[in-house]
J.: 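Structure provided below as structure tokens; questions to follow.
Everything numeric in this text was worked out from a predicted model, so none of it was measured.
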Number of protein chains: 2
Amino acid sequence: MKRVAEYIHGYTYGSPDVAKSQVSQRELEDLKVSVGFTDEDQRYLLLAGEVLADQTRRIVEHWRSGIIAGIPNLARHSRSPEGDALPDYLAKSNLRFEQWILDTCLRPYDQEWLNYQQEIALRHTSQKKNKVDGVQSTPFVPLRDIIAFVAVINETIRPYLSAKGHSAEDVDKMHRAWCKSLQLQLALWARPYATSGQTPNEW
Amino acid sequence: MKRVAEYIHGYTYGSPDVAKSQVSQRELEDLKVSVGFTDEDQRYLLLAGEVLADQTRRIVEHWRSGIIAGIPNLARHSRSPEGDALPDYLAKSNLRFEQWILDTCLRPYDQEWLNYQQEIALRHTSQKKNKVDGVQSTPFVPLRDIIAFVAVINETIRPYLSAKGHSAEDVDKMHRAWCKSLQLQLALWARPYATSGQTPNEW
């Protein structure tokens, strides 16, 4: 599997430390159908993965420095409770963010992927945020901010998908597949927020 | 305000029956920023409203008969617990679905809009589903299905946006504005699902 760096702190994809997802394979299959995710989408995600592979650093820089840093409400989640920068935390989570782009495009959406989706979800909630990096920051990222930022990710990924000279039609198809995958992942990430007793009131 | 029909059963937008949203104006403004919603988006939504106004019936037909009806997991939410069709329920909710397209494009996103977003959200949860139509159907629509279907709505709206001969650039801008609005609304609709004690375990 393609990686953005040899060592990625806190990146535990496929490791036995990652708990089994509480989402069943059946629920995942149903979600794929609801989102309209097809074999063609899967193929175009693989193409997107090739296209994006050497751009992940620039993309995450764009999201972090170009967008999130300018929105105090979002930027605080990578800062100390006093609002100070945490460069080490940012660098580590940026690397995982880069790898997530590749995983979105190149990984099979199987049990391991499902398990890691749950891990990603929990790392945004009070159950696991800050823990893997041992930092003090906001206790959780509100679900609404995650939902909202997916719109930004979807809009801004497009020029990177067209940066390698593919036809408008192919770029469209890559983009559509990307957006479906993101919405599928968003549905999975919402689970702990909507499950009684897991993360109360982190909307 | 443009309406898809003179009488729309259960459409209570702006009426005193609609409770005040638990989301503050400040939270709404923050969400708009997070989603990247600009004045330009607002203008392009108005244009989208003009473009879509005489197509709402066809669009909702497409979503309901062309897509949802073929996905048992989604279709059941408009059917009886035994799986029988409820044509009156479907007709009524389809009309509201049509009007929602116009409201998305043409309404100002003010306090009344915010209140009605909460009403829409609750009507998908066990708190209010089926009530306004006095029917027996599934007790709620799981949050994950709503998140997933937004991807379908976003993908399938595009040809309708380009049906009136606007330039590719204008269609792109209308579509981008539409997708941001949908994600903003999705964030608002997620609130009751993620709020303790309101709708436990309706993920």
J.: Using non-hydrogen atoms only, which part of B/L186 is less than 4.5 Å away from chain A: side chain, backbone, both, or neither?
T.: both

J.: Ignoring hydrogens, what is the shortest heavy-atom contact between B/V35 and A/A148? Give both atom names and the distance.
T.: CG2-O, 3.5 Å

J.: What pair of heavy atoms forms the shortest contact from A/L143 to B/A194, and how long is it?
T.: CD2-CB, 4.1 Å

J.: Distance from B/I147 atom CD1 to A/I147 atom CD1, nearest 0.5 Å?
T.: 5.0 Å

J.: Quick one: what part of A/L74 sits under 4.5 Å from any heavy atom of chain B, side chain, backbone, both or neither?
T.: side chain

J.: So which residue, A/V152, A/L188, A/L182, ends up with the most heavy-atom pairs under 4.5 Å with chain B?
T.: A/V152

J.: Suppose we count any N or O donor within 3.5 Å of an acceptor, strictly below that value; which pairs fall between chain B and chain A?
T.:
from: B/I147; atom 1: O; to: A/Q183; atom 2: NE2; distance (Å): 3.2
from: B/E155; atom 1: OE1; to: A/K180; atom 2: NZ; distance (Å): 3.2
from: B/K180; atom 1: NZ; to: A/E155; atom 2: OE1; distance (Å): 3.2
from: B/Q183; atom 1: OE1; to: A/Q183; atom 2: NE2; distance (Å): 3.4
from: B/Q183; atom 1: NE2; to: A/I147; atom 2: O; distance (Å): 3.2
from: B/Q183; atom 1: NE2; to: A/Q183; atom 2: OE1; distance (Å): 3.4
from: B/A187; atom 1: O; to: A/W203; atom 2: NE1; distance (Å): 2.8
from: B/S196; atom 1: N; to: A/N201; atom 2: OD1; distance (Å): 2.9
from: B/N201; atom 1: OD1; to: A/S196; atom 2: N; distance (Å): 2.9
from: B/W203; atom 1: NE1; to: A/A187; atom 2: O; distance (Å): 2.8

J.: Select, from B/A151, B/P72, B/G36, B/C179, the one with the greatest count of heavy-atom pairs under 4.5 Å involving chain A.
T.: B/A151

